[in-house]
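Some notes on the structure that comes next.
Small disclaimer: the values here were computed from a predicted structure and weren't measured. These numbers come from the heavy atoms of this one structure, side chains and all, not from hydrogens, waters or symmetry mates.
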Amino acid sequence: GGQAVSTAEAVRLINREKAVVIDVGDAAEFATGHVAGARSVPLATIDTAKEGSKGLPSNKASTLVVVCPTGTRSAKAVAMLRKLGYDNARSVAGGLKAWREANLPIEKSA
């Protein structure tokens with residue numbers, strides 16, 4: 001409960017709390033489009049993702065905004081991240097689809 005946030009709330013967290021955006025879609029999905037500034041940490045790699053790399057932040061108190069294409073995998077990812085100690089992880093409801101519909105910035109990887 002209370003783990004999923006709207007796109008508007010996600011933007012507020014990014015702007016005010018310097019939240020780190022974690023995209024848990026796979027590498028191909030990430031390349032075709034992701035939230036501007038997001039880090040790619042595919043769902044399957046969360047348990048093995050090294051802290052402090054370009055993946056998960058080393059500071060577990062960091063606010064994490066977790067995104068996937070539809071919001072399904074990000075909800076699973078948040079549960080995993082909380083087990084790892086990231087208590088401030090939040091899933092974006094509706095995922096990248098909702099992000100696009102809200103006309104929020106999207107980047108593509110070359």
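Contacts of Ala36 classified as side chain to side chain contact (heavy atoms under 4.5 Å, CB included), with partners at least two apart in sequence or in another chain: Pro105, Glu107. The side chain to side chain contact (heavy atoms under 4.5 Å, CB included) search around Ala79 returns none, not counting sequence neighbours. Applying the salt bridge (charged side-chain N to carboxylate O under 4.0 Å, His left out) rule to Arg12 yields the partners Glu9; only residues at least two apart in sequence or on another chain are considered. Applying the salt bridge (charged side-chain N to carboxylate O under 4.0 Å, His left out) test to Lys76 and every residue at least two apart in sequence or in another chain returns nothing. The side chain to side chain contact (heavy atoms under 4.5 Å, CB included) search around Thr45 returns Val41, Pro42, Thr48, not counting sequence neighbours. Among residues two or more places apart in sequence or in another chain, the side chain to side chain contact (heavy atoms under 4.5 Å, CB included) test is passed with Asp47 by Met80, Leu84. Scored by the side-chain hydrogen bond (donor to acceptor under 3.5 Å, both in side chains) test, Thr70 finds Thr72 as partners (sequence neighbours excluded).
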**Message:** Using side chain to side chain contact (heavy atoms under 4.5 Å, CB included), reason through Ile46 and Leu81 one step at a time and then give a plain yes or no.
**Reply:** CA-CA 8 Å; Ile46 282 180; Leu81 287 163; 4.1 Å; yes
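The ring-ring contact (aromatic ring centres under 6.0 Å, His included) analysis of residues 6-29, with sequence neighbours excluded, yields no pairs. Screening residues 14-33 for ring-ring contact (aromatic ring centres under 6.0 Å, His included) gives Phe30-His34 as the qualifying pairs, with residues at least two apart or on separate chains. Among residues at least two apart or in separate chains, there is no ring-ring contact (aromatic ring centres under 6.0 Å, His included) pair with a member in residues 63-84. Pairs of residues two or more places apart, or lying in two chains, never qualify as ring-ring contact (aromatic ring centres under 6.0 Å, His included) while including a residue from residues 59-80. Sorted by first then second residue, the side chain to side chain donor-acceptor pair (under 3.5 Å) pairs that include residues 19-32, not counting sequence neighbours, are Glu29-Arg73.
With values rounded to the nearest 0.5 angstrom, Leu96 atom CG is found 10.5 Å from Ser74 atom OG. Atoms OG1 and NZ, on Thr7 and Lys97 in that order, are 12.0 Å from each other to the nearest 0.5 Å. Residue Leu64 holds its CG atom at 11.0 Å from CD of Glu17, rounded to the nearest 0.5 Å. To the nearest 0.5 Å, the span separating OH on Tyr86 from CG on Asn59 amounts to 8.5 Å. To the nearest 0.5 Å, atom OG1 of residue Thr63 and atom NZ of residue Lys18 are 11.5 Å apart.
Ser62 approaches Asn88 most closely through the heavy-atom pair O-CB, 3.5 Å. Nearest approach of Ala75 to Ser91, heavy atoms of both residues: N-OG, 3.6 Å. Of all heavy-atom pairs between Ala77 and Val24, the closest is CB-CG1, 3.7 Å.
Using a 4.5 Å heavy-atom threshold, the side chains of Trp99 and Val67 count as separate.
Arg39 places no side-chain N or O within 3.5 Å of a backbone atom of Ile22 that could act as its donor or acceptor partner.
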